[in-house]
Protein chains: 2
Amino acid sequence: MAKAATHKPEAGGEASAPASNRATRAAERRNAIVEAAMEEFIARGFAATRLDDIAKRAGVAKGTIYLHFKDKESMFEELVRTVIVPVVARLNALPPPTGSVRDLIETFAGNFLKEVIGTRRGDLVRLIVAEGPRFPSVADFYYREVVSRGMAGMRALIELGIARGEIREKDLARYPQILIAPAMIAVIWQSLFARHAPLDAQDMLRVHLDLIFGERSTT
Amino acid sequence: MAKAATHKPEAGGEASAPASNRATRAAERRNAIVEAAMEEFIARGFAATRLDDIAKRAGVAKGTIYLHFKDKESMFEELVRTVIVPVVARLNALPPPTGSVRDLIETFAGNFLKEVIGTRRGDLVRLIVAEGPRFPSVADFYYREVVSRGMAGMRALIELGIARGEIREKDLARYPQILIAPAMIAVIWQSLFARHAPLDAQDMLRVHLDLIFGERSTT
DNA sequence: CATATATGACTGACTAGTCAGTCATAGTCA
DNA sequence: TGACTATGACTGACTAGTCAGTCATATATG
């Protein structure tokens, strides 16, 4: 077997802190499991992912997973929650509503570009689209926490833009989806077609905003 | 055995034709398998779908599937091809380019609405998004046959619209994705969130076209 | 040393793919 | 035309392998 060095206790400095505290160690383990599970689920989808692989990647025995999660399904559900909650929290900490609506939305788009499109988080979005129909609780959660809030925020911005005369199309407030659609397409594009036709998401989003706000006088 | 009525020869009127011909029957069988497989794959995803269920739904023994397909994977791949090819063929038979560009695109959107959004075909698109990363050959095929062609067609229409002065935003021709994005979002929305917040896709697409072409003087 | 935590070999349910055998139909012959 | 044979489409019980979840044992902690 030569499995003597199962988890290399001598190299125990993964975290800078000694982490001798039980609760801390447990939290670290749970974290490692969540991260490993995320990788595996993204790469293979829910059904095709093996718990053995997650355990191996997390540097943990399979049984350990069951100390933290009831079963594979609830692990998947909790995983999505765990990863998404901090994102929502950050979105709630909106930047101060100063400057033009276009600037606000451009800032938002820039963040989205950097933190979602083409990243692990983007892959998670694709995963939710993929598994949503078979995990209504995940789809529900995602709708409640991300979609409905995001839509409400966007709608408010659009209405502000209309009130200030920055946006012409008044009906746009009824469909914030139109504002977000190209960003979502960019997320999906990156994981499916980037190999064939790389997409300059930043430029595309700029063109889309030009479409909504009219072209910038100076850039 | 009591298997006397294996496939109800007396009720053999599935197709209007007698279909006594062997080749015809085989084609019918294959068709039934493809249809059943489509339902199952859409409902459960590739990995979670059981061939036993496909066979049962198709009214066929499991072994019969292997007379038509090499294995589960190639069945999935051929299934996607089989379903998509006629769609592409129909798209190639474009309507005559008469009337305004807006009318052309509106007609296209109407067809898309009726034949894709909220239908089995829409679910297939979601399935491709879901399984694409694990089936590069499927993603490749879909890109080659549908995405790149669709994009080229849209780009041509956009350029025509710009030349005729119907479309202001010149850069739009570089990103036909922007034109299509809301339609794709509608497809995904229907399968994930329609329960929570039904989406009037037709109205949304209208608003989107207003955004691109400017509001209609009279509707 | 008593308790909490972690391990991984093990079990049993499940399923992709196989193949020996069946039987409806097509083809042949008188 | 009617009977007899050849064909191969079709069947479904079976095999070999996989993997989620368990639990007796080992290890770390306080």
Side-chain angles (χ1 to χ4, degrees), chain A residues 1-10 12 14 18-33 36-37 40-41 44-79 134, chain B residues 1-12 14 17-33 36-37 40-41 44-79 134:
Chain A
M1 271 301 163
K3 275 320 269 67
T6 302
H7 56 297
K8 320 177 181 171
E10 81 287 351
E14 2 237 50
S20 53
N21 177 312
R22 291 255 262 251
T24 307
R25 280 197 67 81
E28 270 171 17
R29 282 224 193 280
R30 191 195 146 98
N31 228 50
I33 293 170
E40 294 290 329
F41 281 136
R44 301 176 145 65
F46 176 81
T49 290
R50 281 167 300 229
L51 290 192
D52 284 311
D53 289 345
I54 293 176
K56 194 186 293 182
R57 187 188 276 265
V60 148
K62 183 155 63 152
T64 306
I65 291 175
Y66 287 87
L67 299 175
H68 294 271
F69 302 95
K70 182 173 145 282
D71 57 18
K72 194 184 177 188
E73 260 189 48
S74 54
M75 177 168 64
F76 180 69
E77 293 171 4
E78 284 193 47
L79 161 86
R134 267 193 304 148
Chain B
M1 273 298 166
K3 274 322 262 70
T6 303
H7 54 296
K8 322 176 180 170
E10 80 288 349
E14 358 237 51
S20 51
N21 179 313
R22 291 257 260 250
T24 306
R25 282 198 67 81
E28 269 171 19
R29 289 290 215 202
R30 192 195 147 99
N31 226 52
I33 292 170
E40 294 290 328
F41 281 136
R44 302 177 145 64
F46 175 81
T49 291
R50 281 168 301 233
L51 290 192
D52 283 312
D53 289 346
I54 293 177
K56 194 186 294 180
R57 186 188 279 265
V60 147
K62 183 151 65 145
T64 305
I65 292 175
Y66 288 89
L67 299 176
H68 294 272
F69 303 96
K70 183 172 144 281
D71 57 17
K72 195 184 178 189
E73 261 188 48
S74 54
M75 176 167 65
F76 180 70
E77 294 171 3
E78 284 192 47
L79 161 86
R134 264 193 307 148

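In what follows, every chain begins at residue 1, and chains take the letters A, B, ... in the order their sequences are listed.
- Among residue pairs with one or both ends in residues 47-56 of chain B, those qualifying as salt bridge (Lys or Arg N to Asp or Glu O under 4.0 Å) are B/Arg50-B/Asp53, B/Asp52-B/Lys62; sequence neighbours excluded.
- Between the CG atom of B/Asp71 and the C1' atom of C/dT18 there is a distance of 13 Å, given to the nearest Å.
- If you check D/dT11, D/dC10, C/dA16 against the side chain of B/Leu51, the one that comes closest is C/dA16.
- With distances taken from any side-chain atom of B/Arg50 to the nucleotides D/dG21, C/dA16, C/dG17, the minimum falls on C/dA16.
- Rounded to whole angstrom, the span from the NZ atom of A/Lys62 across to the P atom of C/dA9 amounts to 11 Å.
- Heavy-atom nearest nucleotides on DNA chain D were determined for A/Gly63 and for A/Ala47, and the one closer to the 5' end corresponds to A/Ala47.
- In this structure, B/Lys70 atom NZ and C/dA16 atom C1' are separated by 12 Å, rounded to whole Å.
- Evaluation of the side chain to side chain donor-acceptor pair (under 3.5 Å) rule for B/Asp71 yields B/Ser74 as partners, not counting sequence neighbours.
- When the side chain to side chain donor-acceptor pair (under 3.5 Å) test is applied to B/Glu40, the partners found at least two apart in sequence or on another chain are B/Arg44, B/Arg57.
- Using a 4.5 Å heavy-atom cutoff, the side chains of B/Leu67 and B/Arg29 are not in contact.
- Atom OH in B/Tyr66 sits roughly 17 Å away from atom P in C/dA20 (whole-Å rounding).
- Between the CD atom of B/Glu28 and the C1' atom of D/dA9 there is a distance of 14 Å, rounded to whole Å.
- The side chain of A/Arg29 places an N or O atom within less than 4.0 Å of a non-bridging phosphate oxygen (OP1 or OP2) of C/dA6.
- With rounding to whole Å, A/Asp52 atom CG is found 14 Å from D/dG17 atom C1'.
- Direction of the helix axis in the helix from C/dC1-D/dG30 to C/dA30-D/dT1 shifts by 10° between the two five-pair termini, rounded to 10°.
- No hydrogens or angles were tested; on distance alone, nothing pairs the side chain of A/Lys72 with the base of D/dG21 as donor and acceptor under 3.5 Å.
- Remark: B/Ala61 pairs with B/Thr64 by the side-chain contact (heavy atoms from CB on, under 4.5 Å) rule, at least two apart or across chains.
- Summarising the geometry, the separation between CD1 on A/Ile65 and P on C/dG8 is reported as 12 Å, rounded to the nearest angstrom.
- As rounded to whole Å, 19 Å separates atom C1' of D/dG21 from atom CZ of A/Phe76.
- Looking at heavy atoms from C-beta onward, B/Met75 lies out of side-chain contact with B/Tyr66 at the 4.5 angstrom threshold.
- B/Leu67 comes within contact range of at least one nucleobase, with a heavy-atom separation under 4.0 Å.
- Under the rule for a side chain to side chain donor-acceptor pair (under 3.5 Å), B/Glu73 has no partner lying at least two apart in sequence or in another chain.
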